[in-house]
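Reading through the structure tokens given below for one structure.
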Amino acid sequence: MSWACQSRRGVAASTVPSLGSSRAVIFQALELFLQIFPSLGTMATLVFQALENGETDSMQEHYPFQAIETKWQQYWEDHGLFATDVSDATDKYYCLMMFPYPSGTLHVGHGRNYIIGDAVARYKKMRGCRVLTPMGWDAFGLPAENAAIKTGTHPRESTLNHIAAMKRQMRAWGCGYDWAREVTSCEPDYYKWTQWLFLKLYERGLAYKKEAAVNWDPVDQTVLANEQVLPDGTAERSGARVEKKMLSQWFFKITDYAQRLLDDLEKLDGWPERVKAMQENWIGRSEGARIDFPLVPRTDGVADREPAIPCFTTRVDTIYGCTYMVLAPEYPGLTELVAGSPQEAAVRDFVVTAGRLSAIERTTEGDKNGVFTGRYVINPYNQERIPLWVGDYVLLEYGTGAVMAVPAHDTRDWAFARKYDLPIRLSIQNPDGTLDLVTMEEAYVDDGVVVDSPPFSGEPNREAIPKMAAYAEEKGFGRAVVQYRLRDWLISRQRYWGAPIPIIYCDVCGLVPVPEEDLPVTLPMDVEFKPSGESPLKQHPDFQQVSCPHCGQPGRRESDTMDTFVDSSWYFFRYLSARDDHQAVDRARADKWMPVDQYIGGIEHAILHLMYARFFTKAMHDMGLVDCEEPFAHLFTQGMITKRSDQDGQLYKMSKSKGNVVSPDALIAEYGADTVRLYTLFIGPPEKEAEWNDAGVEGAYRFLRRVWRRVYLHRAWLPAARDLPIDPGTMQPAERALYRKLHESIQRITRDLEGAFHFNTAIAQIMELMNALDDIPVSADAPAAVRAVYRETLEAVVLLLSPFAPHIAEELWGELGHAPSILQADWPAVNEAALHRDEVEMVLQVNGKVRGRIQVAADADHAAVEEAALADKQVQKWIEGKTVRKVIVVPGKLVNVAVA
RNA sequence: GCUCGGGUGGCGGAAUGGCAGACGCGCUAGGUUGAGGGCCUAGUGACCGCUUUAGGUCGUGCGGGUUCGACUCCCGCCCCGAGCACCA
């Protein structure tokens, strides 16, 4: 909807809220100011004179960003411009920022996220969309609990304080949200439903408890999911070296969804390829075969628990080259396998030594150690007896924890076989037929022809793979299988500040889920934080002691809480029914509003949060809670803002420890939020990293002041110029050119904002348009056509600028005679007629080098253009004495004369 | 090793196969000012030339190729960044 022009200045002055100062006050302030700075000169004097002459009411020459910004922030709030009625989803646009953790203070790097999101939301509103932009808090988490241990302040108190501080910062940035939908994950009205979803997952077998070797963070005193351990074996959050511990823990069965999580990536056209590739890597699907190698029975007659050892391989084609088998040191049943044998002690020692290695040492490619178990297995393809080893290069977590070793065709097996002098046998020959064990210096891992593998010899190895797997299946000792790298998501945390896992342990009934009607399991507030880091829930009798919901006998509550990534895996549904105490998600609303149209956040969540949220959405779909299967239709990951550290001159992402944090507060005080926003968006392509440069902020400030001053200078006649007719047909060349430039700019800026968010080039285009505007001399006495185009252009500049610098745009929109809010105005439309040119400039090239340029009629035909080009003086000079071979004419662009 | 990005002035960065360096920062000169700041004007890739007239050569990590024409497409390298990685 667009606001029809209401009237000229009079109405504008009364409908647009004034800056709040009476003229008398301004006079006094100015006089005082001039006494202190008697030479301030022009600017102050001009304002003074203007006021005295009664020329202006409220507009100042100086750009009063402070007053404007607070005024409009208040206005947007008071008028509910970001409140959205979700009962209607016509032209819906769900624009979501990633759930922020309330750390307390935001820096300009965080700001990039909110500013991009706000610019998108404002643009979409002006395009007529029903935009939903909610905000909330990922409010559970360790930093608050660790702080409580140090300072004694309860995490809830510090968290709520941080939330209030961050809300103030977001407001100061001019970012608008539908605060009525705010959700806070640490409050019972939210975590009740996190617990409820846990119960639903439990009912479906997707939440389960098992004893497993898990990642233990000795600093944070809790277990971690695989996704929260960095490749170097340190904890993503605390930086501590992660240890392996056998513990009984809660998991979510995300592996059940591995294939769907992989397949559906293809549907996500609106996601960056990079993120999809990262998820694909993480899921790590590999196709291969599982083959059972029967154990050669023990000589002492004791039976083995399992008669065969299964192993997974992607290279079943090389199985005739298998000369030994290796088990992981943690292989279950290993002790029984070697019990009573002469190798028992050696194996036990080896397992202990390997267990002492850190995750890094174990998983870094390098020296491989192992020991013979004294046992043998049979290769089912050729009935050969091969030795069974234990080796530290075999991981229990991948495949079956057992590897068939083919040293001739696997680099790791090669190294191991060389070290322990194990036999090596060729089973793949290279295409040249030149492979020879005597001369080989490394494993041959490429393709070739299967050899010495009856009945498969002579087959190209790729073709042999399915045939050999089928053979195993037929004979009953194996089959083709798909293996994933993705493991189940470990969600237990031995910490206080999280959603309690709603489970009760009863000596009689065992593990009993808390009945739905008893939710939420509330976190007790009267707790003591101990320096040991132990969860206060462990020692809290009122919390722990509970009677079993089944039998009424005394039971004990689970004292672990859930990983905070559980909270953030479903919050985007909760925004749609944030205050609903009867259900987690209102299905009708979710079906109308989901998926999120645009999700905006940091690349650091490419795997963790985004994978978990996709899993939750699919699980919720399968439970019949929601229709959608993918939560985020379009994902935009903005690059980090870095800054050179004063300490070592290197570029880092902003962090307190590097001393390179830029706070928005001081910048907003000095330049205003609009300047900070404009600079943040102009700094570079938003998906890429960008280096913060304080000098660049000045440029943005200068530009906004320039726009302000144009409106100020012409404020006397601009609003009235609205009634002047605009007719490109009768314009003089200069206005015609400006008018064309205006519409070219609208076209370009709109294109830059649709799809890819090219804010940097969009802003550059507005700047160019302003430069063109300044080339037109204008005043109240200028011809009507000039004033009309000038006004039209300046007004468009204000509209085009408004998603980026909304406060100044609102203010100038008022000065141009419009009623607020500019958010309700229409985005400028391209006038095709304005783009038309009668004459175009064409570049003249000779052999691809620019030699001149000519003006030709826009509709000139090929022959006419060619003739004009060849007649050009410069072209003549360069083709003189040469033979013209070819003349290429690119209509409206250039002519290239090829000569020899 | 595999996968994905990227390499363009002093700097951040622009360029549906068609004028390389838009826009901004910085810098230089001039104007306004008592001065400073601010603002305005002009210039600003390198090299050569232009004392009246001005243009030329080179240039987008390196080497090839396709094309009338390549920052852009293809092939082979080098370097930087990110993710995964003793994954069988």
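Here is how names work: the chains are called A, B, and so on, in the same order as the sequence lines, proteins then strands, and each is numbered from 1. Any value given below was found using the heavy atoms of this structure, including those in side chains, with hydrogens, waters and symmetry copies removed.
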Take A:Ser286 and A:Tyr398 through the side-chain hydrogen bond (donor to acceptor under 3.5 Å, both in side chains) test and state the conclusion after the steps. CA-CA 11 Å; A:Ser286 71; A:Tyr398 191 75; 2.9 Å; yes
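- Non-hydrogen atoms lying under 4.0 Å from RNA chain B are contributed by A:Met767, A:Glu768, A:Asn771, all within residues 766-776 of chain A.
- At a threshold of 4.0 angstrom between heavy atoms, the contacts of A:Leu894 include nucleobase atoms, whether or not backbone atoms are also involved.
- In terms of modelled atom types and a separation under 3.5 Å, the side chain of A:Arg677 and the main chain of A:Ile115 share no donor-acceptor contact.
- Residue contacts for A:Arg851: at a heavy-atom cut-off of 4.0 Å it reaches the sugar-phosphate backbone alone, with no base atom in range.
- Nucleic acid contact class of A:Asp413 (heavy atoms, under 4.0 Å, all strands): none.
- No engagement by A:Asp410 is indicated, since no non-hydrogen atom pair under 4.0 Å with the nucleic acid exists.
- Enclosure of atom CZ in A:Arg274 is not indicated, since only 12 or fewer non-hydrogen atoms of other residues, nucleotides or ligands lie within 6.0 angstrom.
- Side-chain N or O atoms of A:His409 include one that pairs as donor or acceptor with a backbone N or O of A:Tyr444 at under 3.5 Å.
- Taking 4.0 Å as the cut-off between side-chain N and carboxylate O, A:Glu744 and A:Lys741 do not count as a salt-bridged pair.
- B:rC79 and B:rG24 are spaced 38 Å apart, taking the P atom of each and rounding to whole Å.
- Proximity note for A:Lys849 (side chain, C-beta onward) versus B:rG83, B:rC87, B:rC58: the nearest is B:rC58.
- Of the options A:Thr318, A:Asp447, A:Asp446, a side chain to side chain donor-acceptor pair (under 3.5 Å) to A:Asn461 is made by A:Asp447 and by none of the others.
- In terms of position along RNA chain B, the nucleotide closest to A:Val890 lies nearer the 5' end than the nucleotide closest to the other residue of the pair A:Val890 and A:Asn693.
- Across all strands, A:Trp878 comes closer than 4.0 Å only to sugar-phosphate atoms, never to a base (heavy-atom distances).
- Heavy atoms of A:Arg853 sit under 4.0 angstrom from at least one base atom.
- Under the Watson-Crick and G-U wobble criteria, each requiring two contacts below 3.5 Å, nucleotide B:rG5 is paired to B:rC80.
- Residue contacts for A:Glu691: at a heavy-atom cut-off of 4.0 Å it reaches no nucleic acid atom on any strand shown.
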